[in-house]
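Have a look at the structure below, then the notes.
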Amino acid sequence: MIPTMEQKRNLRKERIGVVSSNKGDKTITVMVKWKEKHPIYGKFVNKTKKYHAHDEKNECSVGDTVRLMETRPLSKTKRWRLVEIIEKVK
């Protein structure tokens with residue numbers, strides 16, 4: 001199949017979270033938080049998930065708020081890449 005102008009890439013998932021670690025070379029760990037309603041009790045529960053993301057220029061520091069985008073597998077655990085730094089830590 002030859003790519004044409006009408007064909008577009010699929011929409012990629014995006015997440016916004018806080019950098020919890022930048023120890024790896026060109027890798028950051030981002031913690032994403034959200035609230036979810038408990039199915040039985042109705043109470044809102046805080047949920048978190050950690051993602052490993054590719055940071056090409058090693059520009060993130062711990063505490064930065066960043067936007068991630070889904071991408072092809074870059075290593076065993078990295079499936080996300082850094083799109084932008086929304087807010088730098090003070």
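Quantities reported herein were computed from a predicted structural model and do not represent experimental measurements.
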TODO: Output the rest of the hydrophobic cluster of Ile40: all Ile, Leu, Val, Met, Phe, Trp and Tyr residues reachable through side-chain heavy-atom contacts under 4.5 Å, sorted by chain and number.
DONE: Tyr41
Open item on the list: Nearest 0.5 angstrom please: His38 NE2 to Lys35 NZ, how far?
Closed with: 15.0 Å
TODO: To the nearest 0.5 Å, tell me how far Phe44 CZ sits from Lys37 NZ.
DONE: 5.0 Å
TODO: Return the set of residues passing side chain to side chain donor-acceptor pair (under 3.5 Å) with Asp25 (not counting sequence neighbours), or none when no residue passes.
DONE: Asn58
- [ ] Kindly give the cluster partners of Trp34, where membership spreads through any ILVMFWY side chain lying under 4.5 Å from a current member.
- [x] Val19, Ile28, Val30, Val32, Tyr51, Val66, Leu68, Trp80, Leu82, Ile85
Open item on the list: Under the rule for side chain to side chain contact (heavy atoms under 4.5 Å, CB included), what residues qualify as partners of Lys57, not counting sequence neighbours?
Closed with: Glu59
TODO: Please name all residues satisfying salt bridge (Lys or Arg N to Asp or Glu O under 4.0 Å) with Lys13, sequence neighbours left out, ordered by chain then number.
DONE: Glu70
TODO: Tell me who clusters with Leu74, hydrophobic residues only, linked when side chains sit under 4.5 Å apart either directly or through other members.
DONE: none
Open item on the list: Once salt bridge (Lys or Arg N to Asp or Glu O under 4.0 Å) is applied, what residue pairs with a partner in residues 38-50 remain, sequence neighbours excluded?
Closed with: Glu36-Lys47
- [ ] Kindly write out the residues that satisfy salt bridge (Lys or Arg N to Asp or Glu O under 4.0 Å) with Lys88, not counting sequence neighbours, or none if the list is empty.
- [x] Asp64
Open item on the list: For the residue pair Lys78 / His54, report whether a side-chain donor-acceptor contact shorter than 3.5 Å exists.
Closed with: yes
Task: Arg12: salt bridge (Lys or Arg N to Asp or Glu O under 4.0 Å) partners, not counting sequence neighbours - done: none
Task: Sequence-distant partners of Ile16, side chain to side chain contact (heavy atoms under 4.5 Å, CB included), two or more places apart - done: Thr65, Arg67, Ile86
Open item on the list: Quick one: does any side-chain atom of Asn22 pair with a main-chain N or O of Cys60 as donor and acceptor, under 3.5 Å?
Closed with: yes
Open item on the list: Restricting to salt bridge (Lys or Arg N to Asp or Glu O under 4.0 Å), what partner residues turn up for Lys26, sequence neighbours left out?
Closed with: Glu56
